[in-house]
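In listed order, ligands and their atoms are each counted from 1.
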Amino acid sequence: MSIIFNIQKYSIHDGPGIRSTVFFKGCPLKCKWCHNPESQSFEREIMFYVDRCIGCNYCVNECENGGLYLEDGNIVFDKEKCLGCGKCCEVCPTNAREFIGKHMTTDAVFHEILKDKIFYDESKGGVTFSGGEPLSQGSDLIDIIKKCKERKIHITLDTSGYASEEILKQVCENVDLVLYDLKVIDNEKHKEYIGVDNKIILENLKILVKLNKRVFVRIPLIPGVNTNKKDIEDYIKFLKETGGIEEVDILPYHNISSEKYNRLNKEYELKDVEVPSEKMLDEIKEDFEKNGFKVKIGG
Ligand code: SF4
Ligand code: SF4
């Protein structure tokens with residue numbers, strides 16, 4: 001069984017043409033700016049939309065485990081006591097409590113993808129596997145990809161590359177395009193902002209290039225994290241040494257997802273980071289272009 005948090009239909013930002021994007025839930029990285037915090041945990045989670053709540057307290061009365069209780073008239077959620085049964089979501093009349101994450105068989109995921117094959121064929125689109133980190137559910141992913149390949153569906157993988165070489169190679173055997181997220185080259189910064197060492201990520205990118213895979217490198221630009229002169233020089237040096245990168249996509253930081261952190265009862269640590277200016281984006285784009293890279297701002 002895979003755990004999936006969304007299958008987005010008619011997507012136009014995750015590869016060529018019209019696509020279905022399958023978002024696997026769970027990621028071994030902990031990027032402080034993550035735009036999809038609901039994708040990080042491998043477990044099902046509850047999102048609470050305070051603006052939808054009408055205060056009926058059905059959810060509190062339904063919870064038998066102490067996961068929800070009232071304090072001064074307000075509903076308090078105790079993460080430690082919540083067993084993830086989802087009963088509070090089922091009784092909520094306004095969908096203020098939403099269960100994120102669905103267990104699906106590989107057949108069920110494939111059938112969802114297959115429903116829109118006509119759109120992929122007409123638009124030269126296909127399916128994109130994203131996350132979370134899709135490689136973390138490698139064996140299921142390999143199975144779904146094989147089924148898609150048999151039906152001649154174009155396959156894009158959006159990955160951080162944080163996986164074993166074996167899984168990466170097996171998954172990518174049938175992948176047509178890889179969107180490779182390269183967050184920070186400096187390993188100390190990588191550990192600070194992402195929580196893991198980046199050696200595997202850098203090595204796996206080289207492996208994909210050696211395998212002659214089509215690779216677009218995606219760089220999320222986060223002011224104060226990876227935008228100083230040295231950061232950009234490090235990117236350019238590493239990507240030139242690696243060679244074989246078809247396109248560099250610069251993804252400017254935004255904080256519109258910060259509200260999701262509140263809904264998940266999580267803390268958003270980058271509250272004070274500003275979005276990159278047009279000038280900064282243009283200068284960084286130019287730096288890459290001067291070094292021979294094809295560059296796009298945005299995904
Ligand atoms: S998911 Fe179940 S245990 Fe958790 S708060 Fe809701 S009812 Fe309580
Ligand atoms: S059941 Fe839904 S609407 Fe009612 S109090 Fe709970 S979250 Fe609010």
Side-chain angles (χ1 to χ4, degrees), residues 1-9 20-113 129-141 144 160 162 194-196 254-271:
M1 282 276 192
S2 312
I3 181 159
I4 305 290
F5 79 91
N6 191 12
I7 298 182
Q8 168 115 43
K9 303 295 188 103
S20 290
T21 304
V22 178
F23 292 92
F24 284 81
K25 186 160 164 42
C27 183
L29 311 187
K30 292 285 167 281
C31 305
K32 293 193 177 184
W33 56 84
C34 181
H35 292 160
N36 289 323
E38 72 275 37
S39 74
Q40 291 182 322
S41 165
F42 288 89
E43 306 293 327
R44 298 182 79 190
E45 289 175 284
I46 293 170
M47 271 220 190
F48 177 49
Y49 295 77
V50 67
D51 50 326
R52 295 184 193 164
C53 178
I54 55 171
C56 64
N57 295 338
Y58 288 177
C59 53
V60 180
N61 298 334
E62 190 67 20
C63 183
E64 294 165 350
N65 309 306
L68 291 169
Y69 60 92
L70 287 173
E71 195 172 82
D72 300 329
N74 296 317
I75 298 171
V76 180
F77 177 53
D78 187 339
K79 223 178 184 171
E80 301 304 317
K81 294 200 175 145
C82 173
L83 300 182
C85 68
K87 287 184 182 168
C88 56
C89 304
E90 285 166 23
V91 295
C92 178
T94 60
N95 293 327
R97 299 183 70 77
E98 191 186 330
F99 223 178
I100 307 292
K102 192 175 172 187
H103 290 104
M104 296 177 78
T105 62
T106 55
D107 274 342
V109 176
F110 172 63
H111 285 299
E112 228 14 75
I113 294 166
F129 297 101
S130 183
E133 176 47 69
L135 295 179
S136 294
Q137 298 184 53
S139 56
D140 283 354
L141 181 59
I144 301 166
S160 68
Y162 194 79
I194 291 146
V196 298
H254 63 73
N255 58 11
I256 54 177
S257 302
S258 59
E259 189 48 36
K260 284 189 187 175
Y261 284 77
N262 293 334
R263 291 179 192 145
L264 286 163
N265 218 10
K266 290 181 177 172
E267 191 194 348
Y268 186 59
E269 291 184 51
L270 298 191
K271 285 183 212 77

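- Taking the centre and axis of the six-membered ring of Phe48, the NZ or CZ atom of Arg97 falls inside the cone set by 45° and 6.0 Å.
- Contacts classified as side-chain hydrogen bond (donor to acceptor under 3.5 Å, both in side chains) and involving residues 51-72 (residues at least two apart or in different chains) are not found.
- Residue-level contacts of ligand 2 at the 4.0 Å heavy-atom threshold are Phe48, Cys53, Ile54, Gly55, Cys56, Asn57, Tyr58, Cys59, Ile75, Cys92, Pro93, Thr94, Ala96, Arg97.
- Counting atoms of ligand 1 from 1 in the listed order, those under 4.0 Å from a heavy atom of Asn65 are 3 (S).
- A distance-only check finds no donor-acceptor pair linking the side chain of Glu133 to the backbone of Leu29 [under 3.5 Å].
- Here is the list of ligand 1 atoms found below 4.0 Å of a heavy atom in Leu83: 3 (S), 4 (Fe).
- Taking 4.5 Å as the limit, some side-chain heavy atom of Cys34 sits within range of a side-chain heavy atom of Tyr261.
- The residues Lys9 and Glu112 are annotated as salt-bridged, a charged nitrogen and a carboxylate oxygen being separated by less than 4.0 angstrom.
- Residues Ile7 and Phe23 form no side-chain contact, since every pair of their non-hydrogen atoms from C-beta on lies 4.5 Å or further apart.
- Around atom NZ of Lys30, more than 12 heavy atoms belonging to other residues, nucleotides or ligands sit under 6.0 Å away.
- For ligand 1, the atoms sitting less than 4.0 Å from at least one non-hydrogen atom of Gly86 are 1 (S), 2 (Fe), numbered in the order shown with element in parentheses.
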